[in-house]
Amino acid sequence: MITRVSHIGVWVLDQDQAFDFYVNTLGFAVHTDTRMGDYRWLTVTPPEQPDLEIMLGVPGPPALDADSAEQIKQLVAKGQLGGGILATKDCRATYQELRDRGVEFTEEPTERFYGVDAAFRDPFGNPWRLTQPLDNPPRHFPGTEPA
């Protein structure tokens, strides 16, 4: 039986730049940074969720062949892959803090039916949402019936 998610993967184009952005700019903690031959295993964790590792991997061997790696790199650069939703206790304050650190937002904080939400991209194009969820958000859009 599956009990939890332990790792998620985000494709990046440069692991040193990813390290700087995710650790020094977003404030994540380094969980693992080691080499296995030519392969660098780099994972970071959100500050209050140390049991969820985000793998910051460059598309290529051993996971992908050269053609597939190039396709993934192009999709990452277009903002078509990766990312997710990052939770915060105060979206507006975190938005301002991250903007002051140089994060480029694509959407300013906006009231939504589930909380306050903003959007940014990492240096590679991966889209992220920054969300301050309501304590008890609705499970469907207002005015609609659940599926």
Look at the side chain of Thr88 and the backbone N and O of Leu86, then say whether any donor-acceptor pair between them is shorter than 3.5 Å. no

With a cut-off of 6.0 Å (strictly less than), are more than 12 heavy atoms of other residues, nucleotides or ligands near CZ of Arg92? yes

Heavy atoms, side chains only, cut-off 4.5 Å: are Val23 and Val44 in contact? yes

Taking atom CD of Glu111 and atom CG of Leu134, what is their separation to the nearest 0.5 Å? 8.0 Å

If we ignore hydrogens and angles and just use 3.5 Å, is the side chain of Glu53 paired with the main-chain N or O of Ile8 as donor and acceptor? no

So, do Val116 and Thr110 sit near enough that their side-chain heavy atoms are less than 4.5 Å apart? no

Verify, without hydrogens or angle tests, whether Asp51 (side chain) and Ser6 (backbone) share a donor-acceptor contact under 3.5 angstrom. no

Are Leu81 and Val5 joined in one hydrophobic group, where the rule is that I, L, V, M, F, W and Y side chains link up if heavy atoms are under 4.5 Å apart? yes

Return yes if a side-chain donor-acceptor contact under 3.5 Å exists between Tyr22 and Asp122, otherwise no. yes

Minimum heavy-atom separation for Gln15 and Val12, please, with both atom names. CG-CG2, 4.2 Å

Is there a side-chain contact between Lys89 and Glu48, using heavy atoms and a 4.5 Å cut-off? yes

For Asp117 and Thr131, which I'm curious about, is there any donor-acceptor pair between the side chains at under 3.5 Å? yes

Answer whether the closest heavy-atom distance between the side chains of Leu98 and Phe105 falls below 4.5 Å. yes

CG of Leu56 to CG of Asp16: how many Å apart, nearest 0.5 Å? 11.5 Å

Using every non-hydrogen atom in the two residues, find where Pro47 and Gly27 come nearest and quote the distance to one decimal. CG-O, 3.4 Å

Report yes if some heavy atom in the side chain of Ile54 is under 4.5 Å from a heavy atom in the side chain of Thr43; otherwise report no. no

Taking Gln132 for the side chain and Cys91 for the main chain, is one N or O donor matched with an acceptor at less than 3.5 Å? yes

Heavy atoms only: give me the nearest Gln17-Pro123 pair and the separation to one decimal. NE2-CB, 3.4 Å

Can Tyr39 and Arg35 be counted as having a side-chain donor-acceptor contact under 3.5 angstrom? no

Any side-chain heavy atom of Met55 within less than 4.5 Å of one from Val10? no

Side-chain heavy-atom pair Phe19, Leu42 within 4.5 angstrom cut-off: yes

Donor + acceptor pair across side chains of Asp100, Gln96 (<3.5 Å): yes

Looking at CD of Glu97 and CG of Asp90, how far apart are the two atoms once the value is rounded to the nearest 0.5 Å? 10.0 Å

Taking all atoms of both residues into account, what is the closest heavy-atom pair of Asp14 and Phe124, and its distance? O-CZ, 3.4 Å

With rounding to the nearest 0.5 angstrom, report the CG to CD distance, Asp67 to Gln71. 6.5 Å

Counting only heavy atoms from other residues, nucleotides and ligands, does the tally under 6.0 Å from CD1 of Ile85 exceed 12? no

So that I can tick it off, tell me whether Glu107 and Arg129 are bridged by a salt bridge, with the cut-off set at under 4.0 angstrom between side-chain N and carboxylate O. yes

Nearest heavy-atom contact between Arg121 and Phe21 is O-CZ, 4.3 Å

Might you confirm whether atom CD of Glu70 has over 12 heavy atoms from other residues, nucleotides or ligands at distances under 6.0 Å? yes

Does any non-hydrogen side-chain atom of Trp11 lie less than 4.5 Å from one of Leu64? yes

Closest approach of Tyr95 to Leu130 (non-hydrogen atoms, all atoms of both residues): N-CD2, 3.9 Å

